[in-house]
Structure formats: C-alpha cells, structure tokens
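Here is the structure we will look at.
Every chain is numbered from 1 and lettered A, B, ... according to where its sequence line falls, protein lines coming before strand lines.
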There are 2 protein chains.
Amino acid sequence: MLWYRYLMETSPPAPYDVFKLSCPSREVFVRVGERWTGLVLLGLRQGTLRFSQLRRQIDGISQKMLTQTLRGLERDGLVARTVYPTVPVTVEYDLTPLGRSLGDAMDVLRTWAYTHIGDINAARQTYEAANRQL
Amino acid sequence: MLWYRYLMETSPPAPYDVFKLSCPSREVFVRVGERWTGLVLLGLRQGTLRFSQLRRQIDGISQKMLTQTLRGLERDGLVARTVYPTVPVTVEYDLTPLGRSLGDAMDVLRTWAYTHIGDINAARQTYEAANRQL
DNA sequence: CTGAATCCGAATCGATACTG
DNA sequence: CAGTATCGATTCGGATTCAG
C-alpha cells in the first residue's frame, strides 16, 4: 500500500530545499506564516485599498500590525505603496504582480479552509472525546 | 485599467468569510501560520516517518516544537499517529487524506517560494538601497 | 488620515534535564 | 526512541499617545 506514494513523489524542481535551514525559501515560509500576511494579501487581491479601508476589512487587526505587515510586504516587493499629497495624506496599497501571484496561492489555502472546516471541527471533537478521561 | 480585477473576482464559494473575526476558517489560517506546520506537512508528504526521522529532516526544529506541532496536527485530523509497542517504543506519523490535501496546498507555496526567491531578494536589495540614507 | 514610538503583558520558542 | 517538564529569553501584539 505504499507504492502510490512513490509514484506521486515529485522531487523538488530546483537546487532549493525548504527543509534546509540555509534555504532562502524558508524565509518565504516564515513570512507567509506571519499572523496577518495572508489576510492582507487576500484583502488587496480584490483591488487597491487605502490604509483605513484595509484595516476595516480585516476584522481584528490592529493599526500597529497592519503597518508592520504592510512594511514587510512592501520590502519584499509584494505590495506597492503610493502616497498622494492631499490633506490629509492619502495612501494607497496595491499588490504588485509578484504579490498577486502569491495572493493566488494564498487563495488556494482560503478555498481549502472553506471546504474543510467541517472536517477539522469534527476531528477536534473526536480528539477531545478520546482524551477527555485522561 | 480596473475592469480585469472585477472579472477575475470570484465571490467566496460559501457562507464563509476569512476577513470576519468570527469565521472558523480564520483558525485554519492561524494554524497554517504556525511556524512549523507547513514544514511538517511537507515532510510527511513523502511518506510515513518516525519522530526522529522527521526531526532530522526538518533542519532547525526543536524536539519540543516538533511534538507540539504534531499534536496540533493530530488534533485537527491532519496527521495520524501510530504507536508500536516495541522496545524502545516506535511511533510513526502519517498524513491523513485531509492532511494530504492540505499538504498539496502547502506544496503550491513551496513551489512558489522556489520560483520567486530571486524576485524577493532583488526587491529587498532595492528597498534597502532606497532607505539607506534615511 | 496614516502612521511612528513607547509601554507592557502574553505567548512563543529553545535549551536543558528527566522519564518509560 | 519518543516524549514530558520546567525555566529563562525573546518575540508578539494590543493599547495608548503623539505627529506630519
């Protein structure tokens, strides 16, 4: 019953290996892992948004974390920041093509989540029930 | 130049909305965001592994974090844990079908990372250069 | 409006020691 | 081998205050 795994196994496409500490792709995983990165990418996926609009859209994010997350994404070339010298100042955020492609990958995760929440909750119930009397 | 976004926009497939604090899919995002979750899923994607094998594979993970991550994944029905009463004890970890499907989604991210590390590093250089004299 | 700066408790994580 | 337990160190993250 193990054969199918070896058939499915596709070796990594490049000289990279996420499992290695030294692999730069690890950083990508770390960034994606940051608490709000995914939600910001998904939020901007629908189009340009201003700071306060983005903040309103993402329930529960604080101003500090939104700023911090946006800076990180900007630094990595995933988000473009445009300042308009109005009074008061207007700042727009946008996905770059690179950010858009990562956003698409995140959207796969979102869809997965929507589809499998039920399974996960069921598993949790089972798990709790099995470990209740410990 | 905005029309294409609206054409691409596909509304969420269900009564879920990640942006809402109350949405259970947020928990999925949080779990995926946990530092080591992705790597463990990717590690087990290649087949059954024992605790120490998994630990060796994932460079830099501590024993504590591996245990903790595995417990969480087990609780959510993503990983199956099998104990063989040998001496000393043998414990095998495996992806469940659910875990396998999430692993596939994570692999999309891995591939994305491998493909775009260069772009990200370039963006970082640009960013640093632009902000050097501040 | 868009943020930067600071304070501070909470959560995370790693190293170490110990167990069946 | 496969963990559990504990203890600091660091980091995270929210609330608040201030500024251009």
Side-chain angles (χ1 to χ4, degrees), chain A residues 19-22 26-27 29-40 43-44 48-75 79-94 127 130-131 134, chain B residues 19-22 26-27 29-40 43-44 47-76 79-94 127 130-134:
Chain A
F19 297 120
K20 292 298 165 204
L21 207 48
S22 59
R26 279 280 274 264
E27 292 180 45
F29 263 72
V30 169
R31 170 153 318 287
V32 168
E34 278 163 20
R35 188 90 201 263
W36 301 102
T37 298
L39 288 175
V40 170
L44 288 177
T48 304
L49 286 180
R50 296 176 54 186
F51 186 85
S52 47
Q53 294 177 314
L54 199 46
R55 175 159 186 199
R56 270 192 298 277
Q57 170 159 42
I58 303 174
D59 237 28
I61 193 171
S62 70
Q63 174 266 347
K64 177 183 173 181
M65 284 302 104
L66 181 53
T67 300
Q68 212 170 90
T69 304
L70 284 170
R71 285 297 162 278
L73 292 174
E74 191 190 352
R75 179 174 118 93
V79 159
R81 178 174 183 268
T82 315
V83 181
Y84 298 96
T86 54
V87 173
V89 67
T90 300
V91 181
E92 282 188 351
Y93 291 95
D94 237 324
Y127 188 87
N131 295 63
L134 296 189
Chain B
F19 297 119
K20 291 297 166 203
L21 207 49
S22 61
R26 281 280 275 262
E27 293 181 44
F29 263 72
V30 170
R31 166 147 331 281
V32 168
E34 279 165 20
R35 187 89 202 263
W36 301 102
T37 299
L39 288 175
V40 169
L44 288 176
T48 304
L49 286 180
R50 296 174 56 184
F51 187 86
S52 47
Q53 294 178 313
L54 199 46
R55 177 161 183 194
R56 271 192 298 277
Q57 170 159 41
I58 303 173
D59 237 29
I61 192 171
S62 72
Q63 172 264 8
K64 177 184 172 182
M65 281 304 103
L66 180 54
T67 300
Q68 211 171 91
T69 304
L70 283 170
R71 286 294 166 280
L73 292 174
E74 192 191 350
R75 180 174 117 94
D76 284 355
V79 159
R81 179 175 182 267
T82 316
V83 182
Y84 298 97
T86 55
V87 173
V89 68
T90 301
V91 181
E92 284 188 352
Y93 291 94
D94 236 325
Y127 189 88
N131 296 61
R132 183 149 308 151
Q133 65 279 25
L134 296 190

Which residue lies toward the 5' end of DNA chain D, A:M65 or A:V89, if each is placed at its nearest nucleotide? A:M65
Base, sugar-phosphate or nothing for B:R55? Non-hydrogen atoms, less than 4.0 Å. nothing
Examine C:dT2: is either OP1 or OP2 under 4.0 Å from a nitrogen or oxygen in the side chain of A:R81? Give yes or no. no
Roughly, in whole Å, what's the span from CG in A:L54 to C1' in C:dG3? 14 Å
Distance, rounded to the nearest Å, where A:L66 contributes CG and C:dC1 contributes C1': 13 Å
When you get a sec, tell me which of D:dA2, C:dG3, D:dG20 is the closest nucleotide to the side chain of B:F51? D:dA2
Rounded distance in Å - CD (B:E34) to C1' (C:dG14): 17 Å
Considering every strand and a 4.0 Å limit on heavy-atom distances, what is the contact class for A:Q63: base, sugar-phosphate, or nothing? base
Nucleotide D:dA2, atom P - distance to CG of B:L70 in whole Å: 11 Å
Spacing of B:I58 atom CD1 relative to C:dG14 atom P, expressed in whole Å: 12 Å
Is any side-chain nitrogen or oxygen of B:R35 closer than 4.0 Å to OP1 or OP2 of C:dC13? no
From the options D:dG14, D:dC1, C:dG14, select the nucleotide whose nearest atom is closest to the side chain of B:W36. C:dG14
Do A:F51 and A:Q63 come close enough that some side-chain heavy atom pair is under 4.5 Å? yes
Nearest-nucleotide pick for B:T67, side chain only, options being D:dT4, C:dC1, D:dT6: D:dT4
Going by heavy atoms in the side chains, are B:V89 and B:V83 under 4.5 Å from each other? yes
Considering only D:dA2, D:dC1, D:dG14, which nucleotide approaches the side chain of A:S62 most closely? D:dG14
Does the side chain of A:Y93 come under 3.5 Å of the side chain of A:R81 through a donor N or O and an acceptor N or O? yes
Starting at CD of B:Q68 and ending at P of D:dT6, how long is that distance when rounded to a whole Å? 15 Å
Take the protein atom CG of A:L49 and the nucleotide atom C1' of C:dT2, then report the distance between them rounded to whole Å. 15 Å
What nucleic acid atoms does A:R71 come within less than 4.0 Å of, heavy atoms only: base, sugar-phosphate, or nothing? sugar-phosphate
Atom pair OG1 (A:T82) and CG (A:D94), whose distance is rounded to the nearest 0.5 Å: 6.5 Å
With the side chain counted from C-beta on, respond yes when A:T90 and A:R50 share a heavy-atom pair under 4.5 Å apart, and no when they do not. yes
Candidates D:dG3, D:dG13, C:dA15 - which lies nearest the side chain of A:K64: D:dG13
Please check the phosphate of D:dG3 (OP1 and OP2 only) for any side-chain N or O of B:Y93 closer than 4.0 Å. yes
